[in-house]
Amino acid sequence: MPKIIIDAVEYEVEAGQNLIQAAASVGITIPHYCYHPGLSVSGNCRMCLVEVKGPRGVMAQIACSTPATEGLEVMVNTDTVKKMRQGVMEFLLLNHPIDCPICDQAGECGLQDYYMDYGLYTNRSTVPKVKKNKVVDVGPLVMLDQERCILCSRCVRFCDEVTHSNELVIAGRGEKCRIQTFPGKQLDNPYSANVVDICPVGALTSKDFRFKKRVWFLSTAKSVCTGCSKGCNIYLDHEKGQVYRYRPRHNAAVNDYWICDEGRLSYKVLNENCLQEALIHGEAHPYSTVLERAQAAIAHTLEKHGKVAIGALASPHASLEDNFVLQDLLGQVLGPDQVWGPAHQELGSSDDFLRQADKTPNRAGLAFLGISTDPEATQKQLANPELKLLIILENNCEEAAFDQLLQTHRPTLIYLGSKQNRLAQKADYTLPITNHAEQYGSYVNSEQRLQKVYRALLPSGDAQPGWQALLSLLKPQLKATPSYSDVEDVWGQLREKIPALKGLSFYELPEDGLSLLPTETEVLVAEEVGNV
Amino acid sequence: MAPKVKILSNYFGIDQAWTYDFYTGHGGYETAKKVLVEKQPDEVTAEVKASGLRGRGGAGFPAGMKWSFLAKPEGVPRYLTVNADESEPGTFKDRAILEWDPHMLIEGILIASYALGVHQAFVYIRGEFHLPEVHLSQAVEEAYAKGVIGEKCLGTDYKLDIVVHRGAGAYICGEETALLESLEGKRGYPRLKPPFPAVSGLFGCPTIINNVETIANVPWILANGGAAYAALGTEKSPGTRLFSISGHVNKPGVYEEELGIPLMTLINENGGGVRGGKKLKAVIPGGSSTPVLTPTECETITMDYEALAAAGTMFGSAGIIVMDEDTSMVEVIVNLLHFYAHESCGQCSPCREGTGWLHRTMKQLLKGQGTADDVEKILDIANQMEGRTVCPLAAAATMPTRSYLTKFRSEFEALLPKLAGV
């Protein structure tokens, strides 16, 4: 590991980093605009200029293209460096409209942030500003203001290097430079809105988010996108029970710095049609009433038709905890064979980058719990006329299989869901449960990575976490009632019953998830054992 | 006085001098033939090194040394790129070579390529150079047809292709790495260095980039020996150079002289003196990017790298612009700043915004709408730009700005609004 000297202090840093990364790793921030760890180094903003001691004396050099190699000696806080940053800030703001009061980026703007530290606080310009285009409709999700742009080229590099779709260019020369699309072309790719996140200023704003909310009102929770089985890591920004946007959260093992547009906009379902009340045949009733009658229905079916007459559907939309509790408790009541996987696939568009065809976030979690994810097997179970009562956990299912089921032998349906959907309306008893923004929980993505979400919102209405609702529902049938009061208690059971999770707890799960695939060593050991 | 040696300009101005027949009729390609048959590539480089030939594009880096830096990894092609994107205001000497003696350049490319182990050379020619491009392309075609270049250069087993590529009109593409980007079909942005082109240049392969005039010197050096070339000029600035003289002189044009010639000799004898018998006011010695010289400085200065550096300016491209006593220095710098603001590629913030800011502030000052602190402010902006960018274009704009402001400050201050009561 190379040793470098920053402001006369020696640090040991990891090899192969540039100076910005190396300094950041020891807690020193070198201001920058054009540098982005997920993109190539272009070195154009000149904000990261620092002084580097070299054979020819002290030279001004940009940190982003300076490798942190053994013996590197830099000064990042001298008067000269501050003056250089001040100079760059002055140039960047020279033709900038300074329209913060009406700019959506205000509050999370690189220009504002660094101006606090390196602003000149006086305007020396006596000449008119350069005029460029505003409110340029560059794509279905993105709006461009060329005057606010500092031409850092992050967005151009994103389209060149990440999506390889090359929609954006810098046209013109000198101060007439501007970002634009090729004539007649739009910034329309499945990842287009990432340019809004990486834009350090207010030049590229999200059409979906602009003018909706000042960012300083927003609270942020670490979460995972539930739009598909990729499980991209996100920040979930919300205020007063409403979710305003998803932003990608860096996870090198999953989504790097990006998320797809489809996933980004999937936050909308959290604000729409939330099931808040318990229902009987679609009519709202007090929670306790519905719960009691659903319990009675279960008791009645058990008594009259026996265990085989009851089944339950686990859900690839629900968390690992919910599914585990469903499997665990129903296993105690009915035996292990009565919990089935989803009766259908939910497929959509996919590519070789992030978007997965399977649009459910936790199908791999069901498999991990040992619940079959073969839809045909489940359909066979549902077609059995002996089935008298069906408990369905969180299901977005709207399609034919259920219609058929309802028309033929019509078992009693107890539905635990978070959405006001058709199933909630048609079920005999419906109990509201929380969605992934309203609870702590974990999901297993298509790459067998267990990732956790934090609760961002308070549950709406009477909704309870799925595991809690299940516990209440099945309580009368259980010999020994487990005392779950929070997700950590559920994990107490999880780590006891699932060997792969031995020794783990929810709060100790790493922020960037945990791979459930065997490590290289484990594979080698397994092979060795196999050979012996 | 020893007879004047002409290396490059022997056939300038002669009809049909650009043809193969004329060139071979005057001993053309004899040197290349000899070199390809008799010399080892390293010997060629050694000869160029011995000549002390310095790059004629502007920076004056020793050509032989540059060649020796070329990385030679196995299995990777190497390229020679000739920079014919001559766009520095006041400079038009490469144009003369391309127009009158393109075969001399081709012979130079052939020898240089042989020395470097290059099998594909590119000439990046300024898009506005129509006639030079026609002559050069004709010459390349002739050279292919006559077997000078191609699969078997001059009957040997050495293979060389030459591609002539026209630029699309950008000053910045004369910067060597922007030139490479442009040649690769990309936007002409200078690259971050390192890596240097000699290691990773065109299409990521080791590349040598030389100016037209530099390469055109190579046949003479190989014919007459490096020592003969080094004997010309001064110790540190050997050889001859093509001086482009323009501005307020009686006979503007391209003149070949040994380095170390006094500037006033060039102006008075080659250039025929200041036009209309006027007094000299200022001289730009090496293209518009170099700091200006006052008449007093011009009196004694000689045209070589050392003397010009000692005077705080640069030899640059040897484009001499002469200005007489009637010239407004403010108008000159406004004109130059307009050029640099227009030609800044826009990549780096200080240059993109700074060149435009300087230009507009200076223009305002010229109109008499300046403010009292404009001169100081302009100097400060210039300081904030220089040395803070990827390429030297910002410096090319700020160096002259600073020199005009300091050497002719009173002219600028005279345009500032008078303070009331003073």
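Just so we're on the same page: letters track the sequence lines, and every chain starts at 1.
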Problem - Pairwise distance CH2(B:W357) to CG(A:N95) - rounded to 0.5 angstrom - result: 9.5 Å

Completion exercise
Cut-off 4.5 Å, heavy atoms of chain B, and the answer for A:K176 is neither

Exercise for the section: Verify side-chain contact (heavy atoms from CB on, under 4.5 Å) between A:R46 and B:V390, making sure each step is shown before the conclusion. Expected result: CA-CA 9 Å; A:R46 318 309 285 183; B:V390 170; 3.2 Å; yes

Problem - Which atoms of B:T361 approach chain A - backbone, side chain, both or neither, heavy atom under 4.5 Å - result: both

Handout entry: Distance-minimising heavy-atom pair for B:C345 and A:C177
Key = O-SG, 3.5 Å

Practice task
Considering non-hydrogen atoms only, spot the tightest contact between B:S349 and A:L92 and give its length.
Solution key: OG-CD2, 3.4 Å

Problem - Which atoms of B:Y340 approach chain A - backbone, side chain, both or neither, heavy atom under 4.5 Å - result: neither

Handout entry: Reported CZ-to-CD1 distance for the pair A:R173 and B:I172, which is rounded to 0.5 angstrom
Key = 9.5 Å

Completion exercise
Okay, B:R187 and chain A: the region with an atom under 4.5 Å from a heavy atom over there is side chain

Handout entry: Gap separating the CZ atom of A:R85 from the CZ atom of B:R388, nearest 0.5 angstrom
Key = 12.0 Å

Handout entry: A:Q61, part contacting chain B, at a heavy-atom distance under 4.5 Å
Key = neither

Handout entry: Criterion side-chain contact (heavy atoms from CB on, under 4.5 Å) on A:N44 and B:Y189, from CA distance to verdict
Key = CA-CA 10 Å; A:N44 62 46; B:Y189 270 167; over 6 Å; no

Handout entry: More than 12 heavy atoms from other groups under 6.0 Å of NE2 on B:H165
Key = yes

Practice task
Look at B:N383, B:T371, B:L192 and state which one has the largest set of heavy-atom pairs under 4.5 Å with chain A.
Solution key: B:L192

Practice task
Let me know if B:E343 has heavy atoms under 4.5 Å from chain A in its side chain, its backbone, both or neither.
Solution key: both

Problem - Atom NZ of B:K236: over 12 foreign heavy atoms under 6.0 Å - result: no

Practice task
Carefully, step by step, assess A:K83 and B:D380 under the rule side-chain contact (heavy atoms from CB on, under 4.5 Å).
Solution key: CA-CA 11 Å; A:K83 178 101 186 20; B:D380 191 57; 3.2 Å; yes

Fill in the blank from the handout: Interface check, chain B: of A:P128, A:C152, A:S125, most non-hydrogen pairs under 4.5 Å belong to A:S125

Practice task
Enter the distance from B:R191:CZ to A:S42:OG here, rounded to the nearest 0.5 Å.
Solution key: 14.0 Å

Exercise for the section: Mind ranking B:G346, B:P350, B:G356 by heavy-atom pairs under 4.5 Å with chain A and telling me who comes out on top? Expected result: B:P350

Handout entry: B:E376 and A:R124 ion-paired at < 4.0 Å
Key = no

Problem - Residues, nucleotides or ligands: over 12 heavy atoms within 6.0 Å of A:K134 NZ - result: yes

Practice task
Heavy atoms only: give me the nearest A:A60-B:G387 pair and the separation to one decimal.
Solution key: CB-O, 4.5 Å

Practice task
With rounding to the nearest 0.5 Å, note down the distance linking CZ in A:F91 to CE in B:M385.
Solution key: 6.0 Å

Handout entry: Contacting moiety of B:L393, where chain A heavy atoms sit under 4.5 Å
Key = neither

Practice task
Evaluate whether atom CD of B:E413 has more than 12 neighbouring non-hydrogen atoms of other residues, nucleotides or ligands under 6.0 angstrom away.
Solution key: yes

Practice task
Please determine, by modelled atom types, if A:T126 and B:Q364 share a side-chain donor-acceptor pair under 3.5 angstrom.
Solution key: yes

Practice task
Determine the option with the most heavy-atom pairs under 4.5 angstrom with chain B, choosing from A:L151, A:V88, A:I62.
Solution key: A:L151

Exercise for the section: Below 4.5 Å from any heavy atom of chain B, which atoms of A:V130 appear? Answer side chain, backbone, both or neither. Expected result: both

Practice task
Could you grab the distance from atom CD of B:E353 to atom CD of A:E175, nearest 0.5 Å is fine?
Solution key: 6.5 Å

